[in-house]
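Report on one structure; see the data block that follows.
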Amino acid sequence: AHPNVAIVGATGAVGVELIRCLEERNFPLSRLKLLASPRSAGKQMSFRGQPLTVDALDDASFDEVDLAFFSAGSGTSKAYAPKAVAAGAVVVDNSSAFRMDPACPLVVPEVNADSLAAHRGVVANPNCVAIIAAVPIAPLAQAFGLKRVQMATYQAASGAGAAAMEELRASTEAALRDASYEPRVLPHPYAFNLFSHNAEVDLETGYNGEEEKVIAECRRILDRPELPVGVTCIRVPVLRAHAIAMTLEFDRPVSPDEARAVLAKAPGVRIVDDRAANHFPMPSEAQGQGDVLVGRIRQDLSDPSGRSLALFVAGDQLLKGAALNAVQIAERLFAQATAAVA
Ligand code: A2P
């Protein structure tokens, strides 16, 4: 029999995409349960053309549930994921609650699907930047040996949830009318602006929580606990796709053509690298698609040894950065045969 599936946070930005990914990928399931906060109880949504009513999450929510996607924040995951596991479900958790827990595999299926087998009930879906970065970095690391990673991010509103996306729209409309707009969700004016990521800043190191996650999770996904990684995370006024400028230093000199050849065969990667047309990865083209776009593949001129390359990548934060990656994990857990046929 196919699994009974629950989505915790079904009404959120990622939750809505989870429902769509399950539909589009024809995920084999018997029943789907939509769960959210009491504010959303009774709300009507739909799945495969059938109306579905959202229930408030409670202790009995996981009776007869085999697979639970969580995307309702870290606190909800910490409180309810153990209850779901106790009720017999496997949890695929999109929050940061379990990502550094050695008992919970942190999985990007193209990169480290083999780590899934060791799960004890909870599989962690990585941070969106870590996923989008790992998809092109992993095959290059495998081919050439990776020494160091340096990144700057251009992160969309969607990473901060549906309310932040609405704030970007509303504040932009206000700015176009010359009206004032008081930020409610994000700490700074968003329209025609950008700012350092809104995660809390460590006063000692100067790094914010997003940067700390990206560094720790890239190391864990790539299985390189000591890998030197530096990152600066910036929120930009884009709705739902992240971009990353990255410089990768390898163990030996690597030409852009060699890297292109590896990336051309890498699962989950689409090369967008048309120098003549000045056409490279853009959020507007990354959004709505599952692949990570990779381009601007060129030598890093600050490293005369020829061992460093610069790349620009873009990926849909809500899809590969969150919902799609979670559903791909679930396919490996529950629906491998079906996914292989599809
Ligand atoms: P609700 O819509 O009822 O507030 P986003 O990331 O877009 O902000 O979405 C967060 C998701 O998590 C929403 O579906 C939200 O439900 C849900 N959520 C937030 N807090 C809780 C909670 N305490 N229990 C269950 N679901 C929650």
Side-chain angles (χ1 to χ4, degrees), residues 5-23 32-47 51-63 65 67-87 89 91-99 122 124-131 155-171 183-187 190 197-200 209-210 213 235 237-242 287-288 316-327:
V5 177
I7 298 176
V8 179
T11 53
V14 174
V16 168
E17 297 297 335
L18 279 165
I19 296 171
R20 254 183 236 153
C21 284
L22 293 174
E23 284 177 338
L32 181 63
K33 215 171 183 178
L34 303 182
L35 301 162
S37 81
R39 295 179 290 275
S40 300
K43 186 180 167 182
Q44 292 290 314
M45 299 181 77
S46 84
F47 180 66
L52 265 186
T53 306
V54 177
D55 291 322
L57 175 65
D58 64 32
D59 285 351
S61 293
F62 302 101
D63 290 352
V65 168
L67 165 63
F69 294 100
F70 275 68
S71 192
S74 211
T76 301
S77 291
K78 281 184 185 140
Y80 284 91
K83 297 180 188 196
V85 173
V91 169
V92 179
D93 183 33
N94 191 52
S95 83
S96 61
F98 303 102
R99 288 179 188 157
V122 178
N125 201 42
N127 167 280
C128 43
V129 171
I131 296 174
Q155 296 185 228
S158 55
M165 296 171 79
E166 184 47 35
E167 178 145 301
L168 176 55
R169 282 198 190 88
S171 62
R184 278 165 288 200
V185 183
L186 290 164
Y190 207 177
H197 193 283
N198 46 290
E200 195 183 342
E210 180 78 354
K213 286 181 199 172
R235 192 73 80 182
V238 164
L239 275 174
R240 59 174 286 167
H242 288 352
Q287 78 178 30
D316 189 313
Q317 188 274 330
L318 292 174
L319 292 179
K320 188 57 189 169
L324 173 61
N325 197 69
V327 171

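One-based numbering, in listed order, for ligands and for the atoms of each. Index from 1, following the sequence.
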Give the atoms of ligand 1, by number and element, whose distance to some non-hydrogen atom of [X] is under 4.0 Å.
{"X": "S40", "value": "1 (P), 2 (O), 3 (O)"}
{"X": "L57", "value": "24 (N), 25 (C)"}
{"X": "A36", "value": "3 (O), 16 (O), 25 (C), 26 (N)"}
{"X": "T11", "value": "1 (P), 2 (O), 3 (O), 13 (C), 14 (O), 15 (C), 16 (O)"}

query: Is the shortest side-chain N to carboxylate O distance from D59 to K83 below 4.0 Å?
result: yes

- request: For the pair E23 and R20, find out whether any cationic side-chain nitrogen is under 4.0 Å from an anionic carboxylate oxygen.
  value: no

Quick one: look up the protein heavy atom nearest [atom] and list residue, atom name and how far away it is.
{"atom": "atom 9 (O) of ligand 1", "value": "G12 CA, 3.2 Å"}
{"atom": "atom 6 (O) of ligand 1", "value": "G161 CA, 3.7 Å"}
{"atom": "atom 4 (O) of ligand 1", "value": "R39 NH2, 2.8 Å"}
{"atom": "atom 22 (C) of ligand 1", "value": "T76 OG1, 3.6 Å"}
{"atom": "atom 18 (N) of ligand 1", "value": "A72 CB, 3.7 Å"}

- request: Would you check the N or O atoms of G9, main chain and side chain alike, for any that come under 3.5 Å of an N or O of ligand 1?
  value: yes

query: Taking all atoms of both residues into account, what is the closest heavy-atom pair of A60 and D58, and its distance?
result: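 A60 and D58 have their closest heavy atoms at N-OD1, 2.8 Å.
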
Is there a donor-acceptor contact under 3.5 Å from the side chain of [X] to the main chain of [Y]?
{"X": "Q155", "Y": "H197", "answer": "no"}
{"X": "R169", "Y": "A164", "answer": "no"}
{"X": "E17", "Y": "L318", "answer": "no"}

query: Is the closest heavy-atom distance from S71 to ligand 1 below 4.0 Å?
result: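 Within the 4.0 Å threshold, so yes.
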
- request: May I have the step-by-step check of salt bridge (Lys or Arg N to Asp or Glu O under 4.0 Å) for R235 and E210, ending in yes or no?
  value: CA-CA 11 Å; R235 192 73 80 182; E210 180 78 354; over 6 Å; no

- request: Can you label the angle between the Y80 ring and the F62 ring as parallel, tilted or perpendicular, going by 30° and 60°?
  value: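 Aromatic pair Y80/F62 classed tilted.
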
